[in-house]
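Only this structure's heavy atoms are used, side chains among them; waters, hydrogens and symmetry mates stay out. Chain letters run A, B, ... following the sequence lines, proteins first and then strands; every chain starts at 1.
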Protein chains: 2
Amino acid sequence: MDISQVAKQSGVPASTLRFYEEKGLISSVGRQGIRRVFAASVMERLELIALGRVAGFSLEEIASILGSEENPNIDRDLLQQKACELDNTIQKLVAMRDGLQHAAACKAPSHLECPRFRRLMKLAVSGAIKGEASNKLVKKHSSNKALQPTNR
Amino acid sequence: MDISQVAKQSGVPASTLRFYEEKGLISSVGRQGIRRVFAASVMERLELIALGRVAGFSLEEIASILGSEENPNIDRDLLQQKACELDNTIQKLVAMRDGLQHAAACKAPSHLECPRFRRLMKLAVSGAIKGEASNKLVKKHSSNKALQPTNR
DNA sequence: GTACAACTTCAAGTCAACTTTAAGTCAAGA
DNA sequence: TCTTGACTTAAAGTTGACTTGAAGTTGTAC
């Protein structure tokens, strides 16, 4: 596949594909003349990258999770750790979704005053402020300093 | 509360608090001389903001969800829409978490080759690439240009 | 009453993740 | 052969979310 095919099929702009290649997130199988040639499997990788972004991981983190295309990563501890981080995130988002949903239906003058909303948010919120930094900072920390507790 | 108290208790730097105030995300109840004075309720708001960030919303979106502190937003359609967006995100993240978790335990040489992993990811991934842009770009489009198609 | 730490504003700087631009390369059709 | 259009690189520009710095102000401890 050439870059424009990948771009068309994936919806990811060619400029982004080049950028991702430069960052080591994807790789072309070779060149035809000066032009990149991609394997079909790059599509799957792009989807995983997109997913990782939705999950709040940085490109650098995604790279470390996925490893190189030829020699994929199997750092099981890292995977498990990311799964945990994600699970924490999910729990917050679920509470927030429920909070939003309730707020949309609630007749209280302001959802911030609705006790149900506040209770839901309390659930979601525990540790959210420090939690927010988690995807970014914990990674940073743990790559610098080894096993820090998950709770920050 | 003065800004340093809020900063200390919330973990949010004073510079960020000023930045958030400038952006209309929080507001001080007044000044003592030149210095901001915050109501205790700002803590709750900061937690909601942090949560919104984790959920992948931009500060602008969060502002529109929360409304002003005195006159909070009750655009129920918006809340419902955000709840839906969040639900889509959550579903992807759940599949991804399960995928990561499985990959961490799986004995296949590379998780990209493990059929279970691939099946989980397929679930997560459907629409992830276009989905990723949703929180950011769809908002942009809809505020700039009215109804543009979701695909960029 | 004065020193000074902690606040203030405003402007500029940083960082990640891209996008855009300028200048060049090349395969293919008229 | 010559043009054209899709690719190429390298560098600069953009955006969102902050952070940092410089220069000024002020409440409080001495």
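- Comparing atom distances between the A/Phe19 side chain and each of D/dT9, C/dT19, D/dC18 picks out C/dT19 as nearest.
- Residues B/Lys23 and B/Glu60 are not paired through a salt bridge, judged by the lack of any N-O separation under 4.0 Å between the basic side chain and the carboxylate.
- For the pair B/Tyr20 and D/dC18, the criterion of a side-chain N or O lying under 4.0 Å from OP1 or OP2 is met.
- D/dC18 atom P lies 11 Å from atom CG of B/Leu46, rounded to whole Å.
- Rounded to whole angstrom, the span from the CD atom of B/Glu61 across to the C1' atom of D/dG16 amounts to 12 Å.
- The side chain of A/Leu59 lies closest to C/dA17, out of C/dT9, C/dA17, C/dT19.
- Among the protein residues, B/Arg18 comes within range of the nucleic acid bases, having at least one heavy atom under 4.0 Å from a base atom.
- A straight line from CZ of B/Phe57 to P of D/dG16 spans 17 Å, rounded to a whole angstrom.
- Nucleic acid contact for B/Thr16: sugar-phosphate only, since backbone atoms but no base atoms lie under 4.0 Å from a heavy atom of the residue.
- Under a 4.0 Å N-O distance rule, the pair B/Arg18/B/Glu21 does not qualify as a salt bridge.
- Here the P atom of nucleotide D/dG16 and the CD1 atom of B/Ile62 are 14 Å apart, to the nearest Å.
- Here C/dA27 presents its P atom at 10 Å from CD of A/Gln32, a figure rounded to the nearest Å.
- Nearer to the 5' terminus of DNA chain C, by closest-nucleotide assignment, is the contact made by B/Asp2 (compared with the other of A/Gly33 and B/Asp2).
- In this structure, the nucleotide among C/dT19, D/dT19, C/dC26 sitting nearest to the side chain of A/Ile34 is C/dC26.
- Across the interface with DNA chain C, nearest-nucleotide mapping of A/Lys23 and A/Arg35 shows A/Lys23 to be the residue nearer the 5′ end.
- A close approach under 4.0 Å does not occur between any side-chain nitrogen or oxygen of B/Arg36 and OP1 or OP2 of D/dT26.
- Of the candidate nucleotides C/dC7, C/dT20, C/dA17, C/dT20 has the atom lying nearest to any side-chain atom of A/Ser15.
- You'll find the side chain of A/Phe38 reaches within 4.5 Å of the side chain of A/Ile3, heavy atoms only.
- The CG-P distance, from B/Leu25 to D/dG16, rounds to 14 Å in whole Å.
- Here the P atom of nucleotide C/dA12 and the CD atom of B/Glu22 are 14 Å apart, to the nearest Å.
- Nearest heavy atoms, B/His102 versus B/Phe117: CD2-N, 3.9 Å.
- The base of C/dA17 is not paired with the side chain of A/Arg53 by any donor and acceptor separated by under 3.5 Å.
- Counting heavy atoms from C-beta on, the side chains of A/Val12 and A/Val6 never come closer than 4.5 Å.
- Atom-to-atom, CD of B/Glu60 to P of D/dG16 comes out at 7 Å; the value is rounded to the nearest Å.
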